[in-house]
Every structure is written in C-alpha cells, then in structure tokens.
> 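Right, I'll just put the structure down here and ask away after.
Below, all heavy atoms of this structure are taken into account, side chains as well, without hydrogens, waters or symmetry copies. These numbers were taken from a predicted model, which means no experiment stands behind them.
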Amino acid sequence: MKIVSIVLLIISAFLSFKHGWDAFQPANAQQAQMMSDLGITKGVMPYFGVFSILLGLMLFFPQTFLVSNILNAVTIVLIMALSLNAGNYKMALIEIPFLAMPLVMIWLKYPFKS
C-alpha cells in the first residue's frame, strides 16, 4: 500500500512540475488552438504554471497534502468543465484518470473507517 502511495505521489508531483514548466514555454499551434477553445488566454498561462508548481511542492508536505490534492482535483474538474463547454468530449474523458489520481491519493492517506 505504501509503495502505491509513493508511486502515485511521485507521478502526481512530476506531472504538476511538468505542466507548470510547460506553461512557461511557447505553445505550438495545436496547444494554442486547444487553449483558445477552452477560453484560456496566453496571459493567464504563467499563473497556471506557478499554481501547478506550487501544487506539486505542496504534495510533499504532510500539512498541505490534502489541500494540494483537493486543489488538483478541482483544477482537473475545471479543465473537464471547460472542455465540455467547448464541445470537446474527448479531452474531458482523457482527464478522468488524472482526476482519479488525487482522489485515490487522498483515499490511501485517509481511508474510510466503518
């Protein structure tokens, strides 16, 4: 169980850092089109980048682990909602495993007791 938790933590932190770093890189034509479809402007991207990197860092601290995972899940739901609003159902479906990751990490750290 601990191995699964550690692997999920590393993958989630890596993805947060990668997405945060990518937000500061110039977007190619396909990425720019996707962002404009979602209604996200170039000026907002650095803020998303900093936010993503902070979420990745917060995962490593026990005091902020829960908050980081909740914010990560909310961000993914926001992306899914924007995708559905734009009519891009494929992107919304692709985000489902990424939504499951923070929720599973919360469940592994704070299991339900019956």
> So, taking the atom named CG in Asn85 and the one named CG in Leu38, what distance separates them when rounded to the nearest 0.5 Å?
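Here the interatomic distance stands at 9.5 Å.
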
> Measure the CG-CZ distance between Leu59 and Phe61 for me, rounded to the nearest 0.5 Å.
10.5 Å

> Go through the steps to decide whether Lys109 and Leu66 satisfy the test side-chain contact (heavy atoms from CB on, under 4.5 Å), and finish with yes or no.
CA-CA 9 Å; Lys109 176 102 175 172; Leu66 180 65; over 6 Å; no

> Has the side chain of Ser12 got a donor or acceptor atom that lies under 3.5 Å from a matching backbone atom of Leu9?
no

> In Å, rounded to the nearest 0.5 Å, how long is the span from CG of Leu99 to OG1 of Thr75?
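If we round to the nearest 0.5 Å, Leu99:CG and Thr75:OG1 are 10.5 Å apart.
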
> When the ring planes of Phe60 and Phe17 are compared, do they come out parallel, tilted or perpendicular, using 30° and 60° as the limits?
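Geometry flag for Phe17 against Phe60: parallel rings.
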
> Would you kindly confirm whether Val4 and Leu15 end up in one hydrophobic cluster when ILVMFWY residues are joined by side chain heavy atoms under 4.5 Å apart?
yes

> Would you say that Leu108 contacts Leu8 through its side chain, given a criterion of any heavy-atom pair below 4.5 Å between the two side chains?
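With C-beta onward as the side chain, the pair touches.
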
> Using the rule that two of Ile, Leu, Val, Met, Phe, Trp, Tyr join whenever any of their side-chain heavy atoms come within less than 4.5 Å, decide whether Ile76 and Ile106 are in one cluster.
yes

> Looking at Ser68, is its backbone amide N or carbonyl O close enough to the side chain of Asn72 to form a donor-acceptor pair, meaning the two atoms are under 3.5 Å apart?
no

> Of all heavy-atom pairs between Ser83 and Met91, which one has the smallest distance, and what is that distance?
OG-SD, 3.0 Å

> Leu82 and Phe98: same hydrophobic cluster, using ILVMFWY side-chain contacts below 4.5 Å?
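Each belongs to a different hydrophobic cluster.
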
> Taking it one step at a time, do Asn28 and Gln31 satisfy side-chain contact (heavy atoms from CB on, under 4.5 Å)?
CA-CA 5 Å; Asn28 63 31; Gln31 291 170 333; 3.3 Å; yes

> Measuring from Lys18:NZ to Ile11:CD1, what's the distance to the nearest 0.5 Å?
14.0 Å

> Counting only heavy atoms from other residues, nucleotides and ligands, does the tally under 6.0 Å from CD of Gln25 exceed 12?
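Enclosed: over 12 neighbouring heavy atoms sit under 6.0 Å from CD of Gln25.
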
> I'd like to know whether CZ of Phe51 has more than 12 heavy-atom contacts from other residues, nucleotides or ligands below 6.0 angstrom.
yes

> Identify the two heavy atoms, one from Ala27 and one from Ala32, that lie closest to each other, and give their separation to 0.1 Å.
CB-N, 4.1 Å

> Is there a path of hydrophobic side-chain contacts, each under 4.5 Å between heavy atoms of I, L, V, M, F, W or Y residues, that connects Leu103 with Met101?
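Cluster IDs for Leu103 and Met101 match.
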
> For side-chain contact (heavy atoms from CB on, under 4.5 Å), just list the numbers for Asn69 and Tyr110, CA-CA rounded to whole Å, side-chain angles, deciding distance to a tenth of an Å, and then say yes or no.
CA-CA 12 Å; Asn69 278 306; Tyr110 306 102; over 6 Å; no

> Hey, could you give me the CE/CZ distance between Met35 and Phe48, rounded to the nearest 0.5 Å?
8.5 Å

> Do Ile70 and Ile53 sit in the same hydrophobic cluster, where Ile, Leu, Val, Met, Phe, Trp and Tyr count as joined when their side-chain heavy atoms come under 4.5 Å apart?
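Same hydrophobic cluster.
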
> Between atom CE of Met34 and atom CD1 of Ile40, what is the distance when rounded to the nearest 0.5 Å?
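One gets 7.5 Å once the value is rounded to the nearest 0.5 Å.
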
> How far apart are the closest heavy atoms of Gly20 and Ser52, and which atoms are they?
N-OG, 3.5 Å

> Answer yes or no: are there more than 12 heavy-atom neighbours, outside Tyr89 itself, under 6.0 Å from its atom OH?
no

